[in-house]
Amino acid sequence: MRTRFYLNGKKVTKKAVTEMLGKERLNRLIAEAKEAFFEDPYIQNDFFTKGQILTIEFY
């Protein structure tokens with residue numbers, strides 16, 4: 001399963017998100033997003049972080 005990251009609707013790299021949030025917090029958010037995705041694959045996983053909306057998408 002591949003992962004895409006968006007900040008305020010614009011695609012960003014995992015490296016940029018890791019620098020912004022830190023590795024531990026990003027891994028925790030990805031785990032939450034995966035859990036929600038497996039329950040309902042059509043759900044949009046949005047998280048409010050540092051004044052921005054982080055969207056995690058799986059494909």
> Which pairs with one or both residues in residues 42-55 pass side-chain hydrogen bond (donor to acceptor under 3.5 Å, both in side chains), sequence neighbours excluded?
Replying inline: Gln44-Asp46, Asp46-Thr55
> Taking only residues two or more places apart in sequence, or in another chain, which ones meet Tyr6 in a ring pair (Phe, Tyr, Trp, His ring centres under 6.0 Å)?
Replying inline: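 Ring pair (Phe, Tyr, Trp, His ring centres under 6.0 Å) check on Tyr6 returns nothing, list empty.
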>> If the condition is ring pair (Phe, Tyr, Trp, His ring centres under 6.0 Å), which residues does Phe5 pass it with, not counting sequence neighbours?
In response: none
Name each donor-acceptor pair under 3.5 Å that joins a side chain in residues 26-33 to protein atoms two or more places apart or in another chain, with its distance.
unit_1, atom_1, unit_2, atom_2, d
Asn27, ND2, Lys23, O, 3.3

> Which ring-ring contact (aromatic ring centres under 6.0 Å, His included) pairs, counting each pair once, include a residue from residues 12-40, with sequence neighbours left out?
Replying inline: Phe37-Phe58
> Other than Ile53, which residues form its hydrophobic cluster under the rule that side-chain heavy atoms must be closer than 4.5 Å?
Replying inline: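 Its cluster mates, by chain and number, are Phe48.
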Could you pull out all donor-acceptor pairs under 3.5 Å where a side-chain atom in residues 10-20 meets a protein atom, sequence neighbours excluded?
unit_1, atom_1, unit_2, atom_2, d
Thr13, OG1, Ala16, N, 3.2
Thr18, OG1, Lys14, O, 2.8

